[in-house]
Amino acid sequence: MEKRKILVVDDESRMRKLVRDFLVKQNFEVLEAGDGEEALDVFYKNKDIALIILDVMMPKMNGWDVCREIRESSKTPIIMLTAKSEESDELLGFELGVDEYISKPFSPKILVARVEAILRRTGNYTEDDVLEVGGIVMDKAAHMVTIDGKNIDLSYKEFELLAYFMENKGIALSREKILNHVWNYDYFGDARTIDTHVKKLRSKMGEKGDYIKTIWGMGYKLDIDAPQ
């Protein structure tokens with residue numbers, strides 16, 4: 001089986017080596033970049049990169065700007081690393097399309113677990129795995145969603161969130177359940193993370209966004225039968 005490529009971007013060589021060593025042990029191929037400009041060069045030269053681990057604070061071009069440029073043309077999953085733990089930084093990352101957010105210092109084992117969880121979720125779809133709910137059609141193999149025949153552009157996390165809602169149509173889902181399923185068990189997030197993604201997802205779905213009902217004090221439910 002061909003090794004999946006992970007791009008590790010950090011201006012600290014010791015940090016890159018630490019992450020690389022743990023990933024290599026799990027049979028990943030690791031590409032490295034020491035600044036934002038080099039990261040984009042490596043990314044554009046290697047179209048088969050499966051995931052990017054991206055530091056925020058770097059010379060020449062920071063992680064936010066790298067993420068913005070990559071998201072203009074690619075949905076490749078991105079895990080953002082930062083020495084900051086400000087809530088505003090985390091929300092900015094999710095607004096830009098970051099899939100996971102890890103503050104330094106972190107456990108390399110946890111980082112690898114998150115990498116594997118993301119790749120496992122993106123790699124386990126079969127070609128006939130298509131969901132249809134109320135005019136919303138999701139093709140998991142093609143990573144594509146259409147609403148009334150019109151394609152909508154979703155980030156990786158928005159896609160996962162919508163899939164979870166569609167798979168559990170009519171069932172009230174607590175924020176804890178959503179975090180555990182979409183962000184995996186070791187993600188220490190909070191309600192604001194989910195609420196931010198739901199808000200963006202609803203917006204992209206247009207009128208169909210009203211299908212996602214807020215269950216006050218609990219979470220959300222996809223309900224196509226309730227009056228809009």
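Please read these numbers as outputs of a predicted model, since none were measured by experiment. The figures that follow rest on heavy atoms only: side chains count, while hydrogens, waters and symmetry mates do not.
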A.B. asks: Could you walk me through whether V19 and D10 pass the side-chain contact (heavy atoms from CB on, under 4.5 Å) check?
C.D. replies: CA-CA 10 Å; V19 174; D10 197 303; over 6 Å; no
A.B. asks: About how many Å separate OH of Y101 and CG of L54, when rounded to the nearest 0.5 Å?
C.D. replies: 11.0 Å
A.B. asks: Between K17 and D21, is there a salt bridge with N-O shorter than 4.0 Å?
C.D. replies: yes
A.B. asks: Could you state whether I215 and V198 fall into the same hydrophobic cluster, counting links through intermediate Ile, Leu, Val, Met, Phe, Trp or Tyr residues with side-chain heavy atoms under 4.5 angstrom apart?
C.D. replies: no
A.B. asks: Is there a donor-acceptor pair closer than 3.5 Å between any side-chain N or O of R114 and the backbone N or O of I79?
C.D. replies: no
A.B. asks: Judged by atom type as modelled, is there a donor-acceptor pair below 3.5 Å linking the side chain of S107 to the main-chain atoms of K109?
C.D. replies: yes
A.B. asks: Is it the case that over 12 heavy atoms from other parts of the model lie below 6.0 angstrom from the NZ atom of K204?
C.D. replies: yes
A.B. asks: For Y220 and N168, does a side-chain donor sit closer than 3.5 Å to a side-chain acceptor?
C.D. replies: no
A.B. asks: Quick one: does I53's side chain get under 4.5 Å of V9's, heavy atoms only?
C.D. replies: no
A.B. asks: Taking a hydrophobic cluster as the set of Ile, Leu, Val, Met, Phe, Trp and Tyr residues connected by side-chain heavy atoms closer than 4.5 Å, whether directly or through intermediates, do M218 and L173 fall within one such cluster?
C.D. replies: no
A.B. asks: Between I212 and M205, is any pair of side-chain heavy atoms under 4.5 Å apart?
C.D. replies: yes
A.B. asks: Search all heavy atoms of N62 against all heavy atoms of V56 and return the closest pair with its distance.
C.D. replies: CB-O, 3.3 Å
A.B. asks: Can you list, pair by pair, the side-chain donor-acceptor contacts under 3.5 Å of residues 28-38, counting residues two or more places apart and other chains?
C.D. replies:
unit_1, atom_1, unit_2, atom_2, d
E32, OE1, R16, NE, 2.9
E32, OE2, R20, NH1, 2.3
D35, OD1, E37, N, 3.0
D35, OD1, E38, N, 2.8
E38, OE1, G34, N, 2.8

A.B. asks: Minimum heavy-atom separation for C67 to V98, with atom names?
C.D. replies: SG-CG2, 3.9 Å
A.B. asks: Would a single hydrophobic cluster contain both I136 and M144, if residues Ile, Leu, Val, Met, Phe, Trp and Tyr are joined by side-chain heavy-atom contacts under 4.5 Å?
C.D. replies: no
A.B. asks: Search all heavy atoms of I49 against all heavy atoms of I52 and return the closest pair with its distance.
C.D. replies: CG2-CG1, 4.1 Å
A.B. asks: With side chains defined as the heavy atoms from C-beta onward, is the minimum distance between L154 and I152 less than 4.5 Å?
C.D. replies: yes
A.B. asks: Would you give the length of the straight line joining atom CZ of F43 to atom CG of D41, rounded to the nearest 0.5 angstrom?
C.D. replies: 12.0 Å
A.B. asks: Has E176 got more than 12 heavy atoms of other residues, nucleotides or ligands less than 6.0 Å from its CD?
C.D. replies: no
A.B. asks: Who are the salt bridge (Lys or Arg N to Asp or Glu O under 4.0 Å) partners of D11, not counting sequence neighbours?
C.D. replies: none
A.B. asks: So, are D48 and K5 salt-bridged, with charged N and O less than 4.0 Å apart?
C.D. replies: yes
A.B. asks: Between L162 and M166, is any pair of side-chain heavy atoms under 4.5 Å apart?
C.D. replies: yes
A.B. asks: In Å, rounded to the nearest 0.5 Å, how long is the span from CD of E100 to CD1 of I78?
C.D. replies: 12.0 Å
A.B. asks: Report the residues that fulfil ring-ring contact (aromatic ring centres under 6.0 Å, His included) with Y164, sequence neighbours left out, ordered by chain and then residue number.
C.D. replies: H181
A.B. asks: Any Lys/Arg nitrogen of D195 or R175 sitting under 4.0 Å from an Asp/Glu carboxylate oxygen of the other?
C.D. replies: yes
A.B. asks: Calculate, to the nearest 0.5 Å, the distance between atoms NZ and CD belonging to K75 and E158 respectively.
C.D. replies: 9.5 Å
A.B. asks: Can you tell if the side chain of E116 reaches within under 4.5 Å of the side chain of Q26, non-hydrogen atoms only?
C.D. replies: yes
A.B. asks: Tell me if a side-chain donor or acceptor on R68 pairs with a main-chain N or O of R71 at a distance below 3.5 Å.
C.D. replies: no
A.B. asks: I'd like to know if the side chain of K208 and the backbone of G134 have a donor-acceptor N/O pair within less than 3.5 Å.
C.D. replies: yes
A.B. asks: I need the D139 CG to L131 CG distance, nearest 0.5 Å.
C.D. replies: 9.5 Å
A.B. asks: What's the separation between atom CG in L161 and atom CG in L222, rounded to the nearest 0.5 Å?
C.D. replies: 10.0 Å
A.B. asks: Do K104 and F106 meet the cation-pi criteria used here (NZ or CZ under 6.0 Å from the six-membered ring centre, within 45° of the axis)?
C.D. replies: no
A.B. asks: Of the non-hydrogen atoms in A50 and R4, which two are nearest, and what is the gap between them?
C.D. replies: CB-CB, 4.1 Å
A.B. asks: Do the side chains of D223 and Y211 get nearer than 4.5 Å, heavy atoms only?
C.D. replies: no
A.B. asks: Measuring only between side-chain heavy atoms, which start at C-beta, is E69 closer than 4.5 Å to M61?
C.D. replies: yes
A.B. asks: Checking M80 against W64 for the side-chain contact (heavy atoms from CB on, under 4.5 Å) test, could you report, in this order, the C-alpha distance in whole Å, the side-chain angles of both residues, the deciding distance, and whether it holds?
C.D. replies: CA-CA 9 Å; M80 189 72 88; W64 303 129; 3.6 Å; yes
A.B. asks: Could you tell me if the side chain of V115 sits less than 4.5 Å from the side chain of I6, heavy atoms only?
C.D. replies: yes
A.B. asks: Step by step, would you call V145 with N151 a side-chain contact (heavy atoms from CB on, under 4.5 Å)?
C.D. replies: CA-CA 6 Å; V145 175; N151 185 59; 5.5 Å; no
